[in-house]
Amino acid sequence: MTGDGTRSVRAGLPEPVAFEPTLPGPVFAAHFHLPGEAAGPYTYGRDTNPTWTHLERAIVELESPDESAEAIVFASGMAAISAVLLSQARSGDTVVLPDDGYQALPLVREQLEAYGIEVRTAPTAADAQLAHLDGVKLLWIETPSNPGLDVCDVRRLARAAHDAGALVAVDNTLATPLGQRPLELGADFAVASGTKGLTGHGDLLLGYVVCRDPNLAARVRKWRKVVGAIPGPMEAWLAHRSLATLHLRADRQAANALALAEALTKRAEVTGLRYPGLPSDPSYRLASAQMRRFGCVVSFDLPDRAFAERFLEALSLVDDATSFGSVRSTAERRGRWGGDAVSEGFIRFSVGAEDAPDLIADVERALDEAGAAG
Ligand SMILES: Cc1ncc(COP(=O)(O)O)c(C=O)c1O
């Protein structure tokens with residue numbers, strides 16, 4: 001048995017080689033020396049790269065520590081999502097998506113429908129996707145959902161989907177593999193944006209797919225080769241370097257998120273507060289049964305758009321920015337993008353690794369100022 005901390009700091013490291021670095025540096029290569037036959041681990045840079053290999057091993061160790069699996073890294077989370085859906089579904093197939101997931105999923109839906117794939121949608125809460133599995137090729141789950149933070153029962157949905165002959169993919173972006181391990185909960189694919197909490201510094205884009213079935217993995221890998229949605233070696237190396245602190249960041253950010261959520265329960269101007277780690281949250285019971293950490297995203301409603309804008313403007317330790325998972329706190333009025341079914345005053349708050357008392361003081365002051373100026 002290895003703990004999360006030990007696993008994180010050692011994930012994917014090669015066997016020690018005298019006088020070589022612990023984590024070999026990024027390999028920048030479009031092609032590799034290839035005398036004779038077109039065979040060998042490294043041939044052409046769109047197919048394979050040693051820096052990806054180390055990162056892919058690391059991701060497997062985190063997502064599937066007890067059973068062998070394959071990881072395929074991508075240029076972004078969207079590249080990974082598209083790779084699973086478009087490499088598995090064919091014209092005439094049906095897939096089920098959440099209707100409250102990441103806001104680019106409707107674009108994915110348009111693309112799938114343009115290829116003759118039927119798309120059904122249902123909310124994440126109350127396992128509502130269960131009612132739509134008849135004749136389905138692939139069930140797509142996002143839990144906790146972004147930005148509403150509803151949680152569904154992955155084990156239950158995966159069992160029902162498999163009984164119906166469907167494959168199951170779980171977007172594990174928000175939880176990270178230290179928060180939940182979808183393959184252990186029965187999913188066929190764990191998929192994530194590594195842009196967020198996995199790498200945690202808000203300075204790179206990355207995605208990955210992990211699965212245990214080599215045939216499914218081969219199709220995803222082939223898709224990457226065909227589309228060419230590959231991560232740069234520098235991004236892959238930076239991502240791997242960041243994994244060594246994943247447990248520290250995940251613990252600290254989850255503890256800060258809980259402290260902030262608890263503080264927000266006492267504020268009259270805050271309604272609709274959601275954090276799966278808050279014992280009073282509707283997701284708490286289920287989240288506790290399948291998650292090991294509850295993530296760093298807290299969401300809530302402020303009275304209206306103007307109030308939310310004044311709040312964001314008044315914050316000094318929290319950047320008004322999209323994305324989530326960074327060690328530096330960010331928050332945004334999610335309604336500014338359109339697309340999510342949220343109120344005009346809805347805030348998605350990504351809690352960083354600052355000191356909780358500083359963060360809470362900043363948020364409380366910003367709420368006071370936003371209220372006083374109204
Ligand atoms: C849950 C979720 N999945 C996937 C993505 C897409 O990731 P990327 O921006 O790396 O393409 C995001 C991005 O915000 C996300 O929040």
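In each ligand, atom 1 is the first atom listed, and ligand 1 is the first ligand listed. Just so it is clear, the values below take in all heavy atoms, side chains as well, and ignore hydrogens, waters and symmetry mates.
Other members of a hydrophobic cluster containing Phe19 are absent, since no ILVMFWY side chain comes under 4.5 Å of it, directly or through relayed contacts. The other members of the hydrophobic cluster of Val342, by chain and number, are Phe346 (side-chain heavy atoms under 4.5 Å, ILVMFWY only).
Looking only at distances, no side-chain donor or acceptor of Ser145 sits under 3.5 Å from a matching main-chain atom of Glu142. Judged by distance alone, the side chain of Arg224 and the main-chain N or O of Val73 form a donor-acceptor pair under 3.5 Å.
Within 6.0 Å of atom CZ in Arg285, 12 or fewer heavy atoms from other residues, nucleotides or ligands are found, so the atom counts as exposed in its surroundings.
Under the rule for a ring pair (Phe, Tyr, Trp, His ring centres under 6.0 Å), Phe28 has no partner lying at least two apart in sequence or in another chain.
Each of Ser76, Gly77, Met78, Ile81, Tyr102, Glu142, Asn146, Asp171, Thr173, Ser193, Thr195, Lys196, Leu206, Phe324 has a non-hydrogen atom positioned under 4.0 Å from some atom of ligand 1.
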